[in-house]
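Read the structure below first, then the notes.
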Amino acid sequence: CSSDLFKSQSPAVQPGKNGSTRLSGRDNLANEVENNTAWDRVKAAFDKFGQKRSMGTRKYLGEHLEEGERFPKKKFGAISWRSYNDVAARARSIGKGLLALGMKPLPKDEGKVGGAKFEDLSDPHTVLIYEETCSDWLTFLFGSWSQSLAVATSYATLGVSAVADAVLECNVKVILCNHRDVDKIT
């Protein structure tokens with residue numbers, strides 16, 4: 001490979017406050033500025049891009065075998081777009097629904113020096129996503145973040161036993177899964 005991509009050096013770092021590190025030449029870490037949570041960043045994108053296209057999806061139409069090809073190819077329909085505003089509304093609705101199901105936001109001091117330790121919490125703060133990565137997966141993640149919930153993931157490639165392990169290990173009370181998987185995990 002003639003590219004210099006792998007020959008470049010990592011950027012210099014310098015010590016920061018409380019043992020943190022930062023790239024040299026930067027004044028703030030991400031957690032030292034106003035938008036310090038993932039939800040703050042997502043919400044800022046929703047506010048900034050409003051009616052612009054976001055989360056394009058295509059309907060799966062099946063497989064077809066082209067002449068001379070050994071393996072079938074997947075066929076998809078046209079791209080259907082949601083706006084940032086639409087995704088924001090869906091995410092907020094999901095977040096409200098999670099609270100209605102009994103989920104509790106993480107304490108505001110969780111993770112801070114002297115604050116609550118996640119491992120010691122017993123209230124239902126964690127949801128689990130057991131789904132192929134898709135727009136619904138991401139929207140559910142955003143909805144969970146909108147209510148300060150922790151999100152665990154269990155990927156289909158790990159099998160259903162991994163879901164059971166994650167539910168026990170993470171004190172999960174709500175699982176997002178595809179309707180075809182409900183019988184597998186109940």
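The structure presented is a predicted model; accordingly, all values stated were derived computationally and were not measured.
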Original post:
Between CG of Leu98 and CG of Leu149, what distance do you get to the nearest 0.5 Å?
Top reply: 6.0 Å

Original post:
With Leu176, which of Val151, Val127, Ile129 fulfils side-chain contact (heavy atoms from CB on, under 4.5 Å)?
Top reply: Ile129

Subject >> Transitive ILVMFWY side-chain link Trp145 to Leu101, under 4.5 Å >> reply: yes

Original post:
Between His125 (side chain) and Pro105 (backbone), is there a donor-acceptor pair under 3.5 Å?
Top reply: yes

Original post:
Has Glu169 got more than 12 heavy atoms of other residues, nucleotides or ligands less than 6.0 Å from its CD?
Top reply: no

**OP:** Heavy atoms only: give me the nearest Leu106-Ala150 pair and the separation to one decimal.
**Re:** CD1-N, 4.0 Å

Subject >> Approximate separation, where rounding is to 0.5 Å, of Phe76 CZ and Thr57 OG1 >> reply: 11.0 Å

Original post:
Any chance CG of Asp109 has more than 12 other-residue heavy atoms, nucleotides or ligands included, within less than 6.0 Å?
Top reply: yes

**OP:** Quick one: closest heavy-atom pair of Pro124 and Lys173, and the distance?
**Re:** CB-CG, 3.3 Å

**OP:** For the pair Phe46 and Trp39, name the ring-plane relationship: parallel under 30°, tilted 30 to 60°, perpendicular over 60°.
**Re:** perpendicular

Original post:
Same cluster or not: are Leu158 and Val172 linked, directly or through other Ile, Leu, Val, Met, Phe, Trp or Tyr residues, by side-chain heavy atoms under 4.5 angstrom apart?
Top reply: no

**OP:** Please check if the side chain of Thr139 supplies one atom and the backbone of Asp136 the other of a donor-acceptor pair under 3.5 Å.
**Re:** no

**OP:** Kindly give the heavy-atom pair with the smallest separation between Leu121 and Glu110, and that separation in Å.
**Re:** CD1-CG, 4.2 Å

**OP:** Measure the NZ-OG distance between Lys43 and Ser146 for me, rounded to the nearest 0.5 Å.
**Re:** 11.0 Å

Original post:
Between Asp181 (side chain) and Glu131 (backbone), is there a donor-acceptor pair under 3.5 Å?
Top reply: no

Subject >> Nearest heavy-atom neighbours spanning Met103 and Val174 >> reply: SD-CG2, 3.6 Å

Original post:
So if you build clusters from Ile, Leu, Val, Met, Phe, Trp, Tyr with side-chain heavy-atom gaps below 4.5 Å, do Met55 and Tyr84 land together?
Top reply: yes

Original post:
How many angstroms lie between CG in Asn178 and CH2 in Trp137, if you round to the nearest 0.5 Å?
Top reply: 15.0 Å

**OP:** Calculate, to the nearest 0.5 Å, the distance between atoms NZ and CG belonging to Lys104 and Leu99 respectively.
**Re:** 8.5 Å

Original post:
If two hydrophobic side chains count as joined below 4.5 Å and joins carry through other members, does Phe140 share a cluster with Val87?
Top reply: yes

Original post:
How many angstroms lie between atom CZ of Arg53 and atom CD1 of Ile79, to the nearest 0.5 angstrom?
Top reply: 7.5 Å

Subject >> ILVMFWY cluster, Tyr155 and Leu128 together (side-chain gap under 4.5 Å) >> reply: no

**OP:** Using a 4.5 Å cut-off on heavy atoms from C-beta on, say whether the side chain of Phe118 contacts that of Thr126.
**Re:** yes

